[in-house]
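Here's the structure we're looking at; comments come further down.
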There are 2 protein chains.
Amino acid sequence: MQDGNTIEQTGMLRRLSPAHFRKLVGLCDHLRDIPARVAVSTAGEEIGVSLLLLDGLMGRHISDRDNRRRRLVALEVPGDFVDLHSMPLGRLDHDVTAMSDVRLAVFKHDVLKDLVRTDPEMAIALWGLTLVDAAIHRHWAYRVSAMRAMERLANFICEMEDRLALCGRADAESYALPLTQADLGDASGMTAVHVNRGLRDLREAGCCTISQGRVTIHNREKLQQIGYYQPDFLYLHDIPEGEDPAAPGRAIART
Amino acid sequence: MQDGNTIEQTGMLRRLSPAHFRKLVGLCDHLRDIPARVAVSTAGEEIGVSLLLLDGLMGRHISDRDNRRRRLVALEVPGDFVDLHSMPLGRLDHDVTAMSDVRLAVFKHDVLKDLVRTDPEMAIALWGLTLVDAAIHRHWAYRVSAMRAMERLANFICEMEDRLALCGRADAESYALPLTQADLGDASGMTAVHVNRGLRDLREAGCCTISQGRVTIHNREKLQQIGYYQPDFLYLHDIPEGEDPAAPGRAIART
DNA sequence: CGGAGCGTTGAGCAACGTCAAAAGACGTGG
DNA sequence: CCACGTCTTTTGACGTTGCTCAACGCTCCG
């Protein structure tokens, strides 16, 4: 977990201007810690707050009505606004769950609504955050629809590296990814057993290893090639230059 | 094609208040007709206008760098703002193509930006449109990741019926869907050959037929059951009641 | 020490892709 | 009007991918 209680401008939050960021942070109602595997909200229920992820991983799941065939449709990293979209929408079409121990900054919808009503530039900036989110959704739909098992895994590992590096959670050749192989299957549209075989293939190809919740990348070029990885969907060019204080020495790929 | 040049408040546009709708329509720069299969914009290029679809179908495609493995990641129906998200983002991560002959209303980004800067409520309303869009993306990711071929097709057919009915393009048991089986495969993550077999299965199960660009539904309950269809992701409850003038006598399922 | 969750591997099977062929639909030019 | 080429739909045969079921070892934790 992160030290201290300050909210740092990292990850997706770097898309906001420093002034917008400070203004937003000032409106945080409180911080909240949630243990791994706990659901924060459920599809369909009324929601009154939005959550900014400060540390850990959160997931968004869709299931059928019997709670079978549960799938990850999004995975949030620190700096992501997990359910900002619940503010205009009021309720959600998916569940929100802590995938690891997480720390959250809680924002009341009333306060956020006041903010966007009085500060149109801020509204556009926050809107933009949800639009990058949508681009990531499209990427997930494409990945699952157009790629094979090993390719999907490679692509997913590349995506998570870029996004975690952007928020200072990745070093030069490894990063923490506290997910089980069943989680990876939920995210990649395959069974845990087949995830296991896919990861073995990637390992034997000399690309990367996953062990004890940590991804180690041995051959990034080959991994990106196998996963047909092109990070355009992350709109990294829109992020101001400058070292992320939490990520010394790790450059973000800019295609 | 639609008669006349008026822009009617139908489909997703019904989420806007009548006042917001009228204000928006007044800002339309011009109308534009585009023939089937023509690309309107390409991934990565700078975009200066957003397009509101008035009639026909438009698709959003992602491909890999060799233009192979092209997939549909979204399909727009009349009343949808095809690329409203290009206004805050500036460029897109996907192509935009006319799937049929289409009529579009063109809005300049400069004008839209002025609008959202001076009218926060309008900004929130337009933001909301892109959020429903994102919910549909999640649904597509879920469908392709959690369902089998026949189920995906059934689910897709149900989705299109609801969305086309909402904009008055569906009658009681059939609607026009000018897509080839290859298109359906692009949208559902399978080959055209397998689409053909899946449609045959649905036909032989007495659910629906697709012929000459028209879907006819013979047993909606069974179709929805096979496709595990639950239209929550469309947020239909947020749409004001009242007969759509273009859709007399066709009720929208409200779960 | 025992149980639960996770990772790993094997064997067999179902779903889906690939390749190929043929027939129908449709527009174009003669 | 017909002949032609092209695109689409349809079907068969066969190969591959990924799922299912099962078993076993490992680690963690009560």
Side-chain angles (χ1 to χ4, degrees), chain A residues 35-38 57 68-71 97 99-101 143-157 176-205 208-216 226-227, chain B residues 35-38 57 68-71 97-101 143-157 176-205 208-216 226-228:
Chain A
R37 303 290 148 179
V38 171
L57 289 183
R68 301 152 58 81
R69 311 218 209 184
R70 187 174 171 80
R71 296 285 161 165
T97 307
M99 304 299 291
S100 67
D101 291 350
R143 174 168 57 214
V144 138
S145 142
M147 298 187 177
R148 301 271 160 94
M150 190 172 71
E151 301 166 354
R152 290 205 284 255
L153 287 170
N155 187 287
F156 177 82
I157 289 166
L177 189 73
L179 298 177
T180 67
Q181 293 182 352
D183 292 328
L184 294 175
D186 284 348
S188 308
M190 49 208 265
T191 59
V193 171
H194 211 68
V195 168
N196 187 285
R197 299 190 219 273
L199 292 178
R200 171 169 50 75
D201 294 344
L202 285 177
R203 189 188 330 125
E204 289 174 355
C208 63
T209 335
I210 300 191
S211 154
Q212 297 170 22
R214 174 159 285 266
V215 177
T216 306
I226 287 178
Chain B
R37 304 287 149 181
V38 171
L57 288 183
R68 301 152 60 80
R69 309 218 210 186
R70 186 173 171 82
R71 296 286 160 162
T97 308
M99 304 299 291
S100 67
D101 291 350
R143 175 169 55 216
V144 135
S145 143
M147 300 177 33
R148 298 271 158 94
M150 190 173 70
E151 301 166 354
R152 289 204 285 255
L153 287 170
N155 187 287
F156 178 82
I157 290 166
L177 190 72
L179 298 178
T180 66
Q181 293 181 357
D183 292 329
L184 294 176
D186 284 348
S188 308
M190 50 210 261
T191 60
V193 171
H194 211 69
V195 168
N196 188 284
R197 299 190 218 274
L199 292 179
R200 171 170 50 75
D201 294 345
L202 286 177
R203 189 186 330 125
E204 290 174 354
C208 63
T209 357
I210 300 191
S211 150
Q212 297 169 22
R214 173 160 286 267
V215 177
T216 306
I226 288 178
Y228 295 91

A/R152 has an atom CZ; how far is it from atom P of D/dG18, in whole Å? 7 Å
What's the CG-P distance between B/D201 and D/dT11, to the nearest Å? 11 Å
Rounded to whole angstroms, how far apart are CZ on B/R203 and C1' on D/dT11? 12 Å
OP1 or OP2 of D/dC19 sitting under 4.0 Å from any side-chain N/O of A/T191? yes
Rounded to the nearest 0.5 Å, the CE atom of B/M147 sits from the CZ atom of A/R71 at a distance of 11.5 Å
A/V193 side chain: which of C/dG10, C/dC6, D/dG12 is closest? C/dG10
Between C1' on C/dG5 and CE on A/M99, what's the gap in Å once rounded to a whole number? 15 Å
Please give, in whole Å, the distance from D/dT17 C1' to A/M147 CE? 17 Å
Base, sugar-phosphate, or nothing: which does B/R148 touch, judged by heavy atoms less than 4.0 Å apart? sugar-phosphate
Approximate separation, where rounding is to 0.5 Å, of B/L199 CG and B/I157 CD1: 6.0 Å
Would you kindly compare B/Q212 and A/I210 by the position of their nearest DNA chain C nucleotide and give the one closer to the 5′ end? A/I210
Answer yes or no: is there a donor N or O on one side and an acceptor on the other, between the side chain of A/T209 and the main chain of A/R203, under 3.5 Å? no
Euclidean distance, atom NE2 of residue A/H194 to atom P of C/dC6 [Å, nearest integer]: 20 Å
Output the rounded distance in Å from CE (B/M190) to C1' (C/dT18). 15 Å
Strictly below 4.0 Å: does B/N196 bring a side-chain N or O up to OP1 or OP2 of D/dT9? no
Give A/R200 one of three labels, base, sugar-phosphate or nothing, depending on what nucleic acid heavy atoms sit under 4.0 Å from its own. sugar-phosphate
Rounded distance (Å) that lies between atom C1' of C/dA15 and atom CZ of B/R197: 11 Å
Does C/dT8 have OP1 or OP2 sitting under 4.0 Å from an N or O in the side chain of A/Q181? yes
Roughly how far apart are A/Q181 CD and A/T191 OG1, rounded to 0.5 Å? 10.5 Å
Report the distance from atom CG of A/L153 to atom CZ of A/R143, rounding to the nearest 0.5 Å. 9.0 Å
